Amino acid sequence: MSTPALLCLNAGSASLKFAVFARADCTATAAAPLPRALLRGEIDSHGGQATLRWTDAQGQTHRSASDEPRGDIAAEVGALLDRLLRPAGIGPITAVAHRIVHGGTRFTAAQRITPEVRVALDALRSLAPLHQGPGLDGVDAASARLPGVPQIACFDTAFHATQPDLARRYAIPRHWHDKGFRRYGFHGLSYDAISRQLPGLLGARAQGAVIVAHLGGGASLCGLRALRSQCTTMGFTALDGLVMGTRCGTLDPGLVLHWITEEGLDAVQLTSMLYHDSGLKGVSALSGDLRTLETSSDPRAAEAIALFTASVVHHIGALAADLGGLDALVFTGGIGTHSATVRAAVCQAMAWLGVSLDPLANAAGQACITHGDSRVPAFALPTDEEGVMALQAAAVLDG
């Protein structure tokens, strides 16, 4: 007998991550544990060829390749339904949850997608040019393939809506702030997932000052108190803050003005450079993938990694100041959970704050990577954006 299920879609520019959860396992309470997925995986369409990889509930990993070229979300959603979910007997699908990066000032909690909401989200494309479009393409594709099934938007920006007004302001004329030109923050689904794991690891200390480092191709930090976002490194767009794979991070706005007035660069050229050709890729002139740089003997690769690490260290210090201290440090994201080298460099630089790295635990990829007597414990934890999406979708459906 098939099990009523929630399908979670996390659409990117070249891949579609997904997970399926039993509807009965998704409870709509704030303290609900992250549900266990029936299966989860990714359709990677780099180079125009689709590769479907997934892990089932028993932890077995599977892979299926297709000779049919793919390159759009609609085709990937169709492949997911036709090649995996239906043959596996998953369903009926009772709702589809979508990761939507930007909710603007209006959407600060998960939202059922109506035609009017769909139009409002489309108007936010310019605020998240790498992600908003693919996310909405996923909505359209799932709506077409599963007519009548509720579509739920889960926002990366929503987790940061608890921040005080001062943390969200830029020093610009007030009327621009009132129009929505403010700091939003991103990676909220990831930070939500980590916040749900902290009480089990830290007990009462989880209510204190915790900095979570979501380090991947896109990277940011979030400062938590009482498991709520108080400050973060990304701002109006996902271009701000840390050095990233291909994004520049924090930049003097005068430099952008100089490029416009003195070098003649236009908006298209600047967007391409700052979003796609900067960060690790720009500094190394080799690649935006840290894994590639860590295996390179080119000194430019080492310089790019050092600059990335220095930006993480700098912003941890800034967020610790904002929080008034540091009770725990958590690494997550692709780099945060897999690069022992980056974690070691950051923790060693944070020794003055009370972080005492355990090199053996770090190298082994253990959850706790500091010594037992470390004043500030540090962890490397996998995130689960799709699990959070399932819980948020359940809350909308049950509300």
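Because the structure is a prediction, the values reported are computed rather than measured. Residues take their numbers from the sequence shown, with the count starting at 1.
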*Asks:* If you take all heavy atoms of G223 and L323, which pair is closest and at what distance?
*Replies:*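 For G223 versus L323, the nearest heavy atoms are CA-CD1, 3.7 Å.
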
*Asks:* Does any N or O in the side chain of T370 come within less than 3.5 Å of the main-chain N or O of V355, such that one atom is a donor and the other an acceptor?
*Replies:*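 Between the backbone of V355 and the side chain of T370 there is no qualifying donor-acceptor contact (under 3.5 Å).
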
*Asks:* Could you give me the CA-CA distance, side-chain angles and deciding distance for T246 and Y275, then say whether side chain to side chain contact (heavy atoms under 4.5 Å, CB included) is met?
*Replies:* CA-CA 6 Å; T246 64; Y275 274 99; 5.9 Å; no

*Asks:* Just so I know, are the side chains of I152 and Q392 near enough to count as touching, which here means a heavy-atom distance under 4.5 Å?
*Replies:* no

*Asks:* Got a second to check how far M389's CE is from C8's SG, nearest 0.5 Å?
*Replies:*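 Here the rounded value is 4.5 Å.
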
*Asks:* How far apart are the C-alpha atoms of R145 and D82, what are their side-chain angles, what is the distance that settles it, and do they pass the salt bridge (Lys or Arg N to Asp or Glu O under 4.0 Å) test?
*Replies:* CA-CA 10 Å; R145 290 299 300 262; D82 297 337; 2.8 Å; yes

*Asks:* So L39 and F21, side chain to side chain contact (heavy atoms under 4.5 Å, CB included) or not? Walk me through it.
*Replies:* CA-CA 7 Å; L39 58 84; F21 300 88; over 6 Å; no

*Asks:* Quick one: closest heavy-atom pair of G387 and L34, and the distance?
*Replies:* C-CD2, 3.9 Å

*Asks:* Is there a path of hydrophobic side-chain contacts, each under 4.5 Å between heavy atoms of I/L/V/M/F/W/Y residues, joining V77 to V20?
*Replies:*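 Yes, one cluster joins them.
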
*Asks:* Any side-chain heavy atom of R343 within less than 4.5 Å of one from I335?
*Replies:* no

*Asks:* With a 4.5 Å heavy-atom cut-off, do T162 and T108 have their side chains touching?
*Replies:* no

*Asks:* Looking only at heavy atoms, which two atoms of T383 and S190 are closest? And how far apart?
*Replies:* OG1-OG, 3.0 Å

*Asks:* Using atom types as modelled and distance alone, determine if a side-chain donor or acceptor of H371 lies under 3.5 Å from a backbone N or O of L357.
*Replies:* yes

*Asks:* Please check this pair: side chain of D327 against backbone of A209, looking for a donor-acceptor N/O pair closer than 3.5 Å.
*Replies:*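 Present.
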
*Asks:* How about W54 and L84: do any of their side-chain heavy atoms sit closer than 4.5 Å?
*Replies:* yes

*Asks:* L329 versus F331: any side-chain heavy-atom pair under 4.5 Å?
*Replies:* yes

*Asks:* S220 and H214: side-chain donor and acceptor closer than 3.5 Å?
*Replies:* no

*Asks:* Look up atom CG in L319 and atom CG in L326, then write down how far apart they are to the nearest 0.5 Å.
*Replies:* 9.5 Å

*Asks:* Do we see a donor-acceptor contact under 3.5 Å between the side chains of D156 and H102?
*Replies:* no

*Asks:* For residues I305 and L215: do they belong to one hydrophobic cluster (side chain heavy atoms under 4.5 Å, members Ile, Leu, Val, Met, Phe, Trp, Tyr)?
*Replies:*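 As far as the 4.5 Å side-chain criterion goes, L215 and I305 are connected within one cluster.
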
*Asks:* So, for I211 and A320, which heavy atoms are closest and what is the spacing to 0.1 Å?
*Replies:*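 Of all heavy-atom pairs spanning I211 and A320, the closest is CD1-N, 3.6 Å.
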
*Asks:* Examine F236 together with F181 and report whether their ring centres are nearer than 6.0 Å.
*Replies:* yes

*Asks:* Can you tell me which residue pairs pass the side-chain hydrogen bond (donor to acceptor under 3.5 Å, both in side chains) test with a partner in residues 293-310, sequence neighbours excluded?
*Replies:* E294-S339, D298-R300

*Asks:* Should R40 and D56 count as an ion pair when the cut-off is N to O under 4.0 Å?
*Replies:*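 Salt bridge flag = no for D56 with R40.
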
*Asks:* Quick one: does P33's side chain get under 4.5 Å of R196's, heavy atoms only?
*Replies:* no

*Asks:* Taking S143 for its side chain and V139 for its backbone only, find out whether a donor-acceptor pair lies under 3.5 Å.
*Replies:*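 Yes; at least one donor-acceptor contact below 3.5 Å.
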
*Asks:* Do we see a donor-acceptor contact under 3.5 Å between the side chains of D240 and T233?
*Replies:* no

*Asks:* Judged by atom type as modelled, is there a donor-acceptor pair below 3.5 Å linking the side chain of R36 to the main-chain atoms of A57?
*Replies:* yes

*Asks:* Do R53 and T61 have side-chain atoms, one donor and one acceptor, less than 3.5 Å apart?
*Replies:*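 Side chains of R53 and T61: no pair found under 3.5 Å.
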
*Asks:* Apply side chain to side chain contact (heavy atoms under 4.5 Å, CB included) to R225 and Q207, showing your working.
*Replies:* CA-CA 6 Å; R225 270 201 178 276; Q207 301 295 318; over 6 Å; no

*Asks:* For the residue pair Q151 and R112, establish whether any side-chain heavy-atom pair is separated by less than 4.5 Å.
*Replies:*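 They are not in side-chain contact.
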
*Asks:* Is there a donor-acceptor pair under 3.5 Å between the side chain of Q197 and the backbone N or O of P382?
*Replies:* yes

*Asks:* Distance-only, no hydrogens or angles: does the R182 side chain make a donor-acceptor pair with backbone N or O of R169 under 3.5 Å?
*Replies:* no

*Asks:* Taking atom CG of L189 and atom OG1 of T157, what is their separation to the nearest 0.5 Å?
*Replies:* 9.0 Å

*Asks:* Does V256 belong to the same Ile/Leu/Val/Met/Phe/Trp/Tyr cluster as V283, with side-chain heavy atoms less than 4.5 Å apart forming each link?
*Replies:* no

*Asks:* What do the steps show when you test Q132 against I100 for side chain to side chain contact (heavy atoms under 4.5 Å, CB included), and what is the final call?
*Replies:* CA-CA 6 Å; Q132 197 81 349; I100 303 296; 3.6 Å; yes

*Asks:* Work out which heavy atom in I73 is nearest to a heavy atom in P134; give both atom names and the distance.
*Replies:*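 For I73 versus P134, the nearest heavy atoms are CG1-O, 4.1 Å.
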
*Asks:* Checking one residue: L227. Which other hydrophobic residues are in its cluster under the side-chain 4.5 Å linking rule?
*Replies:* F159, Y191, I194, L198, L201, L202, V210, V212, L224, V330, F379, L381

*Asks:* Using distance alone, with no hydrogens and no angle criterion, decide if Q163 and S229 have a side-chain donor and acceptor under 3.5 Å apart.
*Replies:* yes

*Asks:* List the atom of I93, the atom of V96, and the distance in Å for their closest heavy-atom pair.
*Replies:*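 That would be CG2-CG2, 4.0 Å.
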
*Asks:* Counting only heavy atoms not in L166, do more than 12 sit closer than 6.0 Å to its CG atom?
*Replies:*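 At most 12 heavy atoms, drawn from other residues, nucleotides or ligands, come within 6.0 Å of this atom.
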
*Asks:* Calculate, to the nearest 0.5 Å, the distance between atoms CE and CG belonging to M244 and L290 respectively.
*Replies:* 14.5 Å

*Asks:* Do Q230 and D322 have a side chain donor and acceptor closer than 3.5 Å?
*Replies:* no

*Asks:* Between atom CD of E386 and atom CZ of R99, what is the distance when rounded to the nearest 0.5 Å?
*Replies:* 9.0 Å

*Asks:* Taking atom CD1 of I43 and atom CG of L16, what is their separation to the nearest 0.5 Å?
*Replies:*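 Rounded to the nearest 0.5 Å, the CD1-CG separation comes to 5.5 Å.
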
*Asks:* If we ignore hydrogens and angles and just use 3.5 Å, is the side chain of T337 paired with the main-chain N or O of T332 as donor and acceptor?
*Replies:* no

*Asks:* Does atom CZ of R228 have more than 12 heavy-atom neighbours from other groups under 6.0 Å away?
*Replies:* no

*Asks:* Between the side chain of H276 and the main-chain N/O of S272, is any donor-acceptor distance below 3.5 Å?
*Replies:*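 Such a contact is absent between H276 side chain and S272 backbone.
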
*Asks:* With the threshold set at 4.0 Å, does a side-chain nitrogen-carboxylate oxygen contact exist between R118 and D122?
*Replies:* yes

*Asks:* If hydrophobic clusters are built from ILVMFWY residues whose side chains come within less than 4.5 Å, do V396 and I113 share one?
*Replies:* no

*Asks:* State yes or no: do L307 and L221 share one hydrophobic cluster built from I, L, V, M, F, W and Y residues joined by side-chain heavy-atom distances below 4.5 Å, directly or via other members?
*Replies:* yes

*Asks:* Taking the side chain as everything from C-beta on, heavy atoms only, tell me whether S287 gets closer than 4.5 Å to L293.
*Replies:* yes

*Asks:* R23 side chain to T94 main-chain N or O, any donor-acceptor pair under 3.5 Å?
*Replies:*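 Side chain of R23 to backbone of T94, a donor-acceptor pair under 3.5 Å: no, none is there.
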
*Asks:* Does the side chain of S356 come under 3.5 Å of the side chain of S374 through a donor N or O and an acceptor N or O?
*Replies:* no

